[in-house]
Amino acid sequence: MLTLLTRKNIEKAIRHLASDEHFTCDTETYGLGWLDKAFMTGFRHQDGTCYYSREGDKDYEFLIREIIIGTKDICTPVFANPKFDLHRLEWLTGYRFERVHDVIALDHLINPQELTHRLKAIGGRLFGAEEEAEKNAIDAWFIECNDKKKEFWKLPDEILLPYFEQDLVLTNKVFWKLYPQLGNYPKLPELYELEMQVVDVVTRMEKAGVLVDKKYLTKFRAVLEKDQAKLIKELRKGFSVSEDFNFNSSDQLGDLLYNQLGCEVLYTTEKGAPSCNDEALKHIQHPYIESLRAFKLNETYLTKFVDPWLNFSKHDGKLHACFNTMGAVSGRFTCEMPNMQQIMKDPKITRGLMVTPGKVCGHSDLSQIEMVGAAWYTRDDQMLSSLKAGTDLHRDTAANLFNIKPEDVTKHQRQIAKGMNFSVVYGCGKKRLASFLSNHTGVPVPLAEAEYARSMYHGKYPEIRMFSYSVMDTIKRRRDRIIKNYFGRRYFIPTGKEYVGVNRLVQGWAAYVTKYAMARIGPKLNWKTNWMNCQVHDMISWECDIKDQKDVQVMIEKDMTTWPEFDVPIKVDTSILRDTWEA
DNA sequence: GCGCTCCGCGCC
DNA sequence: AAAGGGCGCGGAGCGC
């Protein structure tokens, strides 16, 4: 039953909604962007009463605000993907729901074997194919009105409301199907609670954002443009190609280098084509190859950082990236618009991000957390003792592999050892291992050599081999092919991919060490003079007043590292940034 | 003009 | 025997 909210019925609506432990909530918006307004908001009580208000209705913002204030401390709203709704509701009313439920998160945790976790897909899976009548009515209206952009805010109530209500009904149905199932799995109720706390922290973090130095970036952009124009001229001459040759095209470049100039093919792409990546270019003998590499690096600067940052920071000079708390199967976040997890560690780029004036910024990094996780899971003595002693893990590994003293390890040997250590955590096959070793030693490493290195490594680290065999064995024995990490996160491993098991456990373990830290830290920050503004897997970025730096840093470091149940050294390194993110 | 794959490349 | 960790995103090229 649809009920339009008014000043007259608002008190009754609040009492009604607050009379139950949960109600479902959803918003419809003008677009997918940060500042796109929620033009309609609805709240549905379990008994079927659906309260709604729409922009243009009398007192829209006021009524929604009253509902939030009147219910937020009494009951818990249920969403499908709450993060966007939370942002929009806060932007609309100035208030936020702090405790929420999310049916999408429930589905990720309970049904890791499923490929998609969209609301409609979950509904179809749990309750069979749904009625499409409401959606069909919408499509028909757009066709009738010849509206190709399909802007939902244009839809009249009688078309939009049934569709809107249907989503709220489905969200409720999915919630009551999945929520009771949490208890079927060890630690999953606690893990779900954590995820919901993380949603609150992440929305605050996204709202804080990261300040961009537009002046610097604009200047840098001009320099790059000039540089590129010069390089293009030089490259055209150096490689004797016409003006329509595109140095950004791997197809054209491959043809030029390998067919016309007859360069030897040392590297191929995934699909077998001669590769034009930087590793391949490095090994090509040509007087202009360095200019080509410089050109490609500049392109990376421009297209992946300078331009996106200038565009995304249009409104308030900040990057408000979207962190998806359920984005990666392991439990890690993903990040987009822009992706803050792939920012080049190049001072020319990090210089473009600013510390809020008057504040300090801390980057607190869990040191070698995935290696710590690997050591904890495998119980490998050598790895554990190296980490406990605080010595250089990769150097110690190299000393062990090559039967030499740590102080005699060369840079080259350390790189190989590092590659081997990472290949455990990543669950690499030999091809990947070979290319990793090639990249990190500067010398092409043949497959056979990579395989030999693997067997050497396993010989020296029997516990690691035993652990990875036992994980693969467990997966094969499980009928549901699901394994779970220490924190209760469950991973579905498809047939033939058993080798990724170790990676899921270790990467997921590390991801949740950070997530728990965020959930602990979030409530201790006031988000007015101190806040988090970014997370990159094992690094938390935060800002605070200069005078509070010590206190905040101590608090954050403590919350990141306090793990009595793990007998491995979980340590954090914090670097303090003053003006920009340039190290 | 859109959606797709491939390639390349940044990060942990 | 082969297997090739987790991501997002921009450009090229292609087909519709």
Side-chain angles (χ1 to χ4, degrees), chain A residues 148-149 244-255 267-281 293 296-309 311-312 321-346 349-350 363 365-371 373-374 418-419 421-437 439 447 450-451 454 468 471-472 491 493-511 513-514 534-540:
Chain A
K148 290 207 178 71
K149 282 194 275 181
D244 53 4
F245 186 89
N246 185 348
F247 285 96
N248 285 318
S249 162
S250 297
D251 282 4
Q252 296 183 31
L253 211 48
D255 183 58
Y267 299 90
T268 52
T269 68
E270 190 97 353
K271 302 283 166 194
S275 174
C276 295
N277 65 18
D278 192 56
E279 190 54 34
L281 296 185
R293 291 181 63 207
K296 291 186 65 155
L297 180 62
N298 282 351
E299 276 299 295
T300 300
Y301 286 154
L302 270 171
T303 60
K304 293 185 86 103
F305 303 102
V306 177
D307 282 344
W309 289 359
N311 287 330
F312 278 115
C322 172
F323 289 84
N324 187 349
T325 62
M326 284 290 172
V329 287
S330 60
R332 278 184 175 184
F333 292 170
T334 59
C335 178
E336 57 184 339
M337 297 189 299
N339 186 349
M340 302 297 282
Q341 299 176 325
Q342 52 164 184
I343 297 168
M344 270 177 112
K345 294 200 145 184
D346 180 326
I349 294 303
T350 49
H363 283 184
D365 227 287
L366 286 160
S367 54
Q368 307 226 59
I369 192 63
E370 293 196 339
M371 288 302 156
K418 188 175 170 184
N421 280 335
F422 271 104
S423 81
V424 175
V425 174
Y426 291 169
C428 290
K430 63 181 164 189
K431 265 192 181 174
R432 177 73 167 149
L433 178 59
S435 77
F436 191 98
L437 293 175
N439 280 337
L447 287 185
E451 200 54 4
R454 164 75 55 81
S468 95
V471 170
M472 292 199 277
Y491 303 107
I493 314 292
T495 310
K497 290 197 78 175
E498 291 80 9
Y499 60 89
V500 299
V502 174
N503 169 266
R504 293 295 188 280
L505 297 176
V506 173
Q507 190 180 108
W509 179 88
V513 168
T514 316
C534 189
Q535 187 259 36
V536 185
H537 308 308
D538 62 354
M539 184 276 272
I540 292 173

Review point. Going by modelled atom types, is there a donor-acceptor pair between the base of dC11(B) and the side chain of K345(A) at under 3.5 Å?
Key: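 Per atom types, no contact qualifies.
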
Review point. Side chain of R332(A), base of dC12(B): donor and acceptor closer than 3.5 Å?
Key: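 A donor-acceptor contact between them is present.
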
Contact class for [X] (heavy atom, under 4.0 Å): base, sugar-phosphate, or nothing?
X	answer
S275(A)	sugar-phosphate
D307(A)	nothing
E336(A)	sugar-phosphate
V506(A)	nothing
M337(A)	sugar-phosphate

Quick one, [X] and [Y] - any side-chain contact, counting heavy atoms below 4.5 Å?
X	Y	answer
Q535(A)	Q341(A)	yes
E370(A)	W509(A)	no
F245(A)	L253(A)	yes
W309(A)	I349(A)	yes

Would you mind telling me which of [options] lies closest to the side-chain atoms of [X]?
X	options	value
N248(A)	dG10(B), dG6(C), dA12(C)	dA12(C)
N339(A)	dA3(C), dG8(B), dG10(B)	dG10(B)
M344(A)	dG10(B), dG5(C), dC9(B)	dG10(B)
T303(A)	dA3(C), dG11(C), dC12(B)	dG11(C)
E451(A)	dG6(C), dC7(B), dA3(C)	dA3(C)
Q342(A)	dG8(C), dC9(B), dC7(B)	dG8(C)
N246(A)	dG10(B), dA12(C), dC12(B)	dA12(C)
K296(A)	dG5(C), dG13(C), dC9(B)	dC9(B)

Round to the nearest Å and state the distance from [X] atom [atom1] to [N] atom [atom2].
X	N	atom1	atom2	result
E370(A)	dC11(B)	CD	C1'	12 Å
F247(A)	dC9(B)	CZ	P	16 Å
W509(A)	dG6(C)	CH2	C1'	17 Å
Y491(A)	dG6(C)	OH	C1'	11 Å
I343(A)	dC7(C)	CD1	P	19 Å
E498(A)	dA3(C)	CD	C1'	10 Å
D251(A)	dC14(C)	CG	P	7 Å
H537(A)	dC12(B)	NE2	P	8 Å

Check your understanding: Does one side chain, of S249(A) or D251(A), offer a donor that lies under 3.5 Å from an acceptor on the other?
Key ->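 There is no such pair between these side chains.
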
Is there a side-chain polar atom (N or O) of [X] under 4.0 Å from OP1 or OP2 of [N]?
X	N	value
T334(A)	dG8(C)	yes
Y499(A)	dG5(C)	no
Q252(A)	dG13(C)	yes

Exercise for review: Select from V500(A) and S249(A) the residue whose nearest nucleotide in DNA chain C is closer to the 5' end of that strand.
Suggested key: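 Upstream on the strand: V500(A).
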
Calculate, to the nearest 0.5 Å, the distance between atoms [atom1] and [atom2] belonging to [X] and [Y] respectively.
X	Y	atom1	atom2	answer
M340(A)	F333(A)	CE	CZ	14.0 Å
F305(A)	Q342(A)	CZ	CD	5.5 Å
F323(A)	N339(A)	CZ	CG	8.0 Å

Between the protein and nucleotides 4-6 of chain B, which nitrogen or oxygen pairs come in under 3.5 angstrom?
none

**Study point:** Distance between P atoms of dC6(B) and dG4(C) (Å, rounded)
**Key:**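 Rounded to whole Å, the distance is 15 Å.
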
Point to revise | H537(A), Q507(A), R504(A) screened by side chain to side chain donor-acceptor pair (under 3.5 Å) with S330(A), the one that passes | key: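 The single option meeting the side chain to side chain donor-acceptor pair (under 3.5 Å) with S330(A) is Q507(A).
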
